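First comes the structure, then the notes that go with it.
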Amino acid sequence: MTTTSNTLRGTPVVPGVAYGPVARVSTEIPLSAVDAYGLRPPGDPEELLAEYDSAVGMVTDSLHARSVNASGSAAEVLVATAALARDKGLRRAVRKRLEAGDPLLTAVSGAVGEFTALFTRAGGLMAERVTDLEDIGRRITARIVGVEEPGLVLPAEPGVLVAEDLAPADTAGLDPVRVLALVTERGGPTSHTAIIARQLGLPCVVGASGVTSIADGTRVLVDAASGTIESEPDETHANRRVVQDRAWRERLATWSGPARTADGAAVKLLANVADGRSARAAAPTPVQGAGLFRTELCFLGRETEPDVETQAAIYAEVLTSFDAGRTVVIRTLDAGSDKPIPYATSAGEDNPALGVRGLRLSFGNPGLLERQLDAVALAAATTGTSPWVMAPMVATVDEAAGFAARVRSRGLIAGIMVETPAAALLADRILEAVDFVSIGTNDLTQYAMAADRLAADLAHLTDPWQPAVLRLVAMTAEAGRRLGKPVGVCGEAAADPLLAAVLVGLGVTSLSMAPAAVPAVGVQLESVTVEECREAAENVLEAVDPQEAREFARAVLTPS
Amino acid sequence: MPTRTVTVGSAVGLHARPAALIAAAASEYDADITLAKPGEEPVDAASALLIMTLGAQQGDTVEVAGEDPAAIDAIADLIARDLDA
């Protein structure tokens with residue numbers, strides 16, 4: 001990939017490649033209308049509030065009218081926007097400002113600003129609601145001054161839609177035929193733009209700083225897998241990328257598993273699940289089971305520990321979702337750190353990521369683990385299945401052996417997660433004590449790189465392509481190969497198609513991921529041989545940084 | 001005034017969809033209902049925007065208060081559920 005000064009970067013949301021002219025979305029209300037309205041003498045607060053209510057009424061009526069003609073989540077979004085326009089808290093803030101003597105338009109923008117300032121300060125998910133609110137403010141303002149509500153006007157020629165951020169009411173009912181891709185200056189992966197893009201399958205990049213300064217009509221190449229927007233690229237190259245991408249997506253749509261390399265070697269692809277509902281959703285997809293059943297969701301949000309029978313019923317729901325012959329790997333409670341559970345974890349650790357979490361909870365409270373294993377054994381017995389059971393946060397051979405003894409005494413198959421560098425370094429000794437291991441690349445990366453997963457400034461370090469992390473994976477896989485025991489990967493790394501092929505080359509025997517990621521990994525594996533995976537793996541281990549590692553892998557694994 | 005303390009059940013906390021559902025339910029009652037994080041200012045449970053300003057995450061405790069015990073129970077039960085599911 002060529003990266004020039006013409007290239008901007010954002011957060012990739014929906015992969016895909018698009019090439020076309022920029023169509024800027026403008027949501028301005030004509031200044032002349034605002035000025036004309038502003039010339040009116042200020043009125044009585046009660047009358048102005050009535051005028052506000054009537055404007056809100058028109059906004060909600062038109063949103064409801066559109067929702068009738070929209071379908072599914074588009075309709076839901078429109079109804080939700082209408083509810084927000086009618087919000088009592090917003091109305092109260094407007095009234096307070098009117099009573100203080102503000103003119104109506106000032107009161108509306110002030111009240112909206114009050115909330116957006118609060119939400120922006122809160123950051124994260126809250127900040128992503130700022131766009132919704134500003135959109136509502138503009139719609140109400142437009143109705144007050146007596147003009148049409150501002151909104152998205154689609155370009156005549158299909159284009160790349162560029163906006164600060166798209167409001168939910170804009171994206172609802174977006175015609176995907178006239179839009180090649182969505183790119184926003186602001187917004188994160190859970191913004192409405194992102195949600196709608198996923199739903200419509202439109203290539204989408206969010207948070208692409210600087211993109212709104214690209215002039216209307218400029219031709220851009222959007223690679224929404226890597227999150228790049230290139231202005232005025234070489235036309236032949238751009239068209240070829242679009243064609244390649246289309247072929248790739250067609251293969252994705254028709255891929256039905258099971259996963260094999262080009263030379264026919266089977267690779268086990270598994271789903272990450274959290275409860276019966278997600279297991280039932282994953283079961284009909286082309287996966288060979290669940291490689292990571294996170295049990296903490298069954299515990300979160302409860303005041304007290306669920307008893308053995310309650311736990312067993314939850315586990316049985318997952319076990320029965322997959323027919324015989326498919327594996328389910330149950331991970332024991334991984335509470336602590338960013339997943340506190342009131343009766344299990346202790347608050348106030350100075351450094352919770354390095355504290356009492358995962359298997360370590362059983363040091364002071366063995367009963368919690370014993371009861372969970374009893375529940376798994378009960379669920380296995382009632383469903384007639386033989387689940388695999390693994391413990392998170394293992395750092396010593398002793399811990400692994402102790403856990404395996406507890407699991408095997410109940411007739412179950414025992415493994416551990418490799419998340420600490422200690423476990424990877426001791427993989428040969430640990431694998432003598434257990435039946436299998438599964439590498440949790442997210443935590444392994446965090447601990448190997450000594451960089452907090454959630455620290456945005458350290459994202460370049462918490463990259464599973466870091467050669468240090470890949471060497472730990474290689475050591476673990478090599479130990480598994482020597483002892484003939486399965487070594488899986490169940491972190492985000494498994495869902496990255498290119499990295500998945502590298503992992504296979506390193507000797508990993510199964511990959512567990514969100515079910516949605518399975519086809520892309522399956523198609524990638526289908527296009528490469530085991531020998532190519534091995535060659536890529538060898539090269540990647542010699543890389544100096546993640547960029548070089550990706551380039552080395554791409555050189556071997558992608559068609560030129 | 002009757003008060004009930006509940007733990008937030010929604011995975012996203014009292015955010016967009018859960019906040020909207022709670023506000024819609026609270027609007028059904030004539031009596032005012034408020035929500036507060038312990039030790040903080042209560043907000044009107046009929047406003048999704050104000051509910052969101054609480055910034056309540058999954059597992060946080062929230063106090064539901066008001067004059068109508070049935071309304072308090074209904075809202076408290078909603079908060080305890082995973083409304084984003």
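None of the values given here were measured: they were computed from a predicted structure. Reminder, nothing fancy here: chain letters follow the sequence lines and each chain counts from 1.
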- Determine whether B:Leu50 and A:Lys88 make a side-chain contact, defined as any pair of heavy atoms from C-beta on separated by less than 4.5 Å. no
- Note on the structure: The reported gap from CZ in A:Arg86 to OG in B:Ser47 (rounded to nearest 0.5 angstrom) is 12.5 Å
- So does B:Asp30 have more than 12 non-hydrogen atoms from other groups sitting under 6.0 Å from CG? no
- Any chance you could measure A:Glu76, atom CD, to B:Arg17, atom CZ, to the nearest 0.5 Å? 5.5 Å
- Message: For A:Arg91, which atoms come within 4.5 Å of any heavy atom of chain B: side chain, backbone, both, or neither?
- Response: neither
- Task: State, to 0.1 Å, how close A:Asp87 and B:Ala48 come at their nearest heavy-atom pair, and which atoms those are.
- Result: OD1-N, 2.7 Å
- Message: Would A:Leu133 and B:Leu49 count as a side-chain contact (heavy atoms from CB on, under 4.5 Å) here? Give the steps.
- Response: CA-CA 9 Å; A:Leu133 255 175; B:Leu49 285 178; 3.9 Å; yes
- Item | B:Asp44 side chain reached by A:Arg92 side chain, heavy atoms, under 4.5 Å | yes
- Message: Counting only heavy atoms from other residues, nucleotides and ligands, does the tally under 6.0 Å from NZ of A:Lys96 exceed 12?
- Response: no
- Item | Contacting region of B:Ala23 [heavy-atom separation from chain A under 4.5 Å] | neither
- Return the minimal non-hydrogen interatomic distance between B:Thr53 and A:Phe119, and the atom names on each side. CG2-CE1, 3.7 Å
